[in-house]
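Report on the following structure.
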Amino acid sequence: MRLLKVATCNLNQWAMDFDCNLKHIKDSITRAKEVGAVIRLGPELEITGYGCEDHFLELDTVNHAWECLKEILLGDWTDGILCSIGMPIIRGSERYNCQVLCFNRKIVMIRPKMWLANDGNYRELRWFTTWKQKDQLVEFQLPPEISEALSQTSVPFGYGYIQFLDTAVAAEICEELFTPNPPHTELALNGVEVFLNASGSHHQLRKLDLRLRAFIGATHTRGGVYMYSNHQGCDGARLYYDGCSCVVVNGEVVAQGSQFSLKDVEVVVAQVDLDAVASLRGSISSFQEQASCKTKVSSVAVPYNICKPFNLKMLLSSPQKIMYHSPEEEIAFGPGCWLWDYLRRSGASGFLLPLSGGADSSSVAAIVGCMCQLVVKEIANGDEQVKADAIRIGNYTDGKFPTDSKEFAKRIFYTVYMGSENSSEATKTRAKVLADEIGSWHLDVCIDGVVSSLLSLFQTVTGKRPRYKVDGGSSVENLGLQNIQARIRMVLAFMLASLLPWVHNKKGFYLVLGSSNVDEALRGYLTKYDCSAADINPIGSISKQDLRTFLRWAANHLGYSSLAEIEAAPPTAELEPIRSNYSQLDEVDMGMTYEELSVYGRLRKIFRCGPVSMFKIS
């Protein structure tokens, strides 16, 4: 048996926060070495953070990354352990997204990314160049200060693998796995047994299964140990990276990290037998035949054994059942963790949410409530970083810290019901009950006076006063009167968010939360500068149907029982007068049901259908 202990990790990196990122990298390497791992894999661009965007175009960003790498290599971090570390590197006039493979205080090789992610949320071609010279490794001259510090002038650069005395290891970076002809196919035929995939993959509902199927497929018919590392958390932008670092052996998951967590560092360890890889490959005739006529891939020789012989005390990691969250759990935990990172990194003192008592704003409120529960739970589990952040944001003193999620919510979460003459007592009551269940600091504000003042001003300027449709007004008048209410709520929300901390003698400001779902955005059923206009919107990529399912789940699993009644109520904007023979309903306004709207959204976004294709399919 050739026993190999490997470690991959979820890291919560901050874009451009080099000191913090370096600390997390060192921490993960230390933990890996403590358990005896000889390979440590970190996520893509882990030194800089993945979401640096146009900061990647700045030379300072690359230079600071080199400084961090130098600090790692000058210490004992890489002694006896192969570390794959992600950073941007400039070679000549080109900038590359690279994995730097380090061992025993030296850089063994630099592997630039060959296929860049450039669709959906990703724009890597804006900042990086693809490496195109697959047939050879070239020599890369290290920057003078790095060369002098490491006593190393140049290193192999390009597509290839590392050949140890007892196994071969290669990198395959994120998007490369999902290409029609992924590198691991060719590398496996060249004898590579361990694959290192450093990734920066964001959370998307129901996406995890697609990702894991790719890892499983990569090793099921080719054999191999596939290690995957990912960022976890919000690094300062719109995306939440959902971790789930794992180790797959011959098509079986043997170790899996968390998908959602408030931890800054999580290390996932596995003990594997490389002879099992060789045995599987030797049993597949087609693999043997193709390996005998393979295209040769360049390699870098490292005269060192990293495997251990058979030992009764060393237990192999066994195949395990894959941990999947339900879509409802994903909606609760993904945006909840993202909100916590955004809050603690923004300098804000809390969140402010216009809570209407409807499904969308109630979903956002429930997600914030879930965030508060996660924070209290993590503190109870001994996470000192979460505890320190919660003490700072919640303005705790005298050694106190959050022990109850409702008490914590009262300190950092503010909800406001902004009613008008068109609002019903039912939505007002539902908003108040939900706020009490979550524990938020709740306000009930009437906006009729402001609306009346604006209408009087308009009448003074134009000599006309608009009327609602039910009172004989035109569609133009009706829409204008609705928009006034919606936009006043936005202005009031931002006013309260900026001044309430002053009222409460607190530092900072409150972040305004939006509550506009993706279906309504795709349909265009929204008012500019209303609930869609906010600092951040936790449900902006979630469909109405998924949100309604989430509300039913949250009523039972988060302890907010009023959500069941909110979900069952007919959706209404409550922007028009309520009459005995008329009550405004969203589905009537749109001319379609939310179920139909969700289908149209999927057809348009996921299946890329235009109107004609939608008609033919549906």
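Just so it is clear, the structure is predicted and the values come from calculations on it, not from any experiment.
N230 and S201 share no donor-acceptor pair across their side chains, judged by distance under 3.5 Å alone. In this structure, a donor-acceptor pair under 3.5 Å is absent between the side chains of S498 and Y510. Residues Y324 and D209 bring a donor and an acceptor atom of their side chains to less than 3.5 Å of each other. For the residue pair S258 / K263, no side-chain donor-acceptor distance below 3.5 Å is found, with atom types taken as modelled. Side-chain contact of D79 with N104: a donor-acceptor pair under 3.5 Å is absent, judged by distance alone. One side chain, S84 or Q99, offers a donor N or O that lies under 3.5 Å from an acceptor on the other.
Between E330 and R206 there is no salt bridge, since no side-chain nitrogen of the basic residue lies less than 4.0 Å from a carboxylate oxygen of the acidic one. Between D19 and K23, no side-chain nitrogen of the basic residue sits less than 4.0 Å from a carboxylate oxygen of the acidic one, so the salt-bridge criterion is not met. Comment: D530 does not engage R487 in a salt bridge, judged by the lack of any side-chain N to carboxylate O separation of less than 4.0 angstrom.
Annotation: cation-pi pair R489/F494 absent, no NZ/CZ under 6.0 Å from the ring centroid and within 45° of its normal. Annotation: cation-pi pair K387/F401 present, NZ/CZ under 6.0 Å from the ring centroid and within 45° of its normal.
Sorted by first and then second residue, the ring-ring contact (aromatic ring centres under 6.0 Å, His included) pairs with a member in residues 59-80 read F18-H64; sequence neighbours excluded.
Ring centroid separation for the pair H442 and Y414 does not come in under the 6.0 Å cut-off. In summary, the aromatic rings of F333 and H325 are positioned with their centroids under 6.0 Å apart.
Residues that satisfy the salt bridge (charged side-chain N to carboxylate O under 4.0 Å, His left out) test with E567, not counting sequence neighbours, are R548, R552. Contacts of K70 classified as side-chain hydrogen bond (donor to acceptor under 3.5 Å, both in side chains), with partners at least two apart in sequence or in another chain: none.
What you find for G49 and N21 is that their closest heavy atoms are N-ND2, 3.7 Å.
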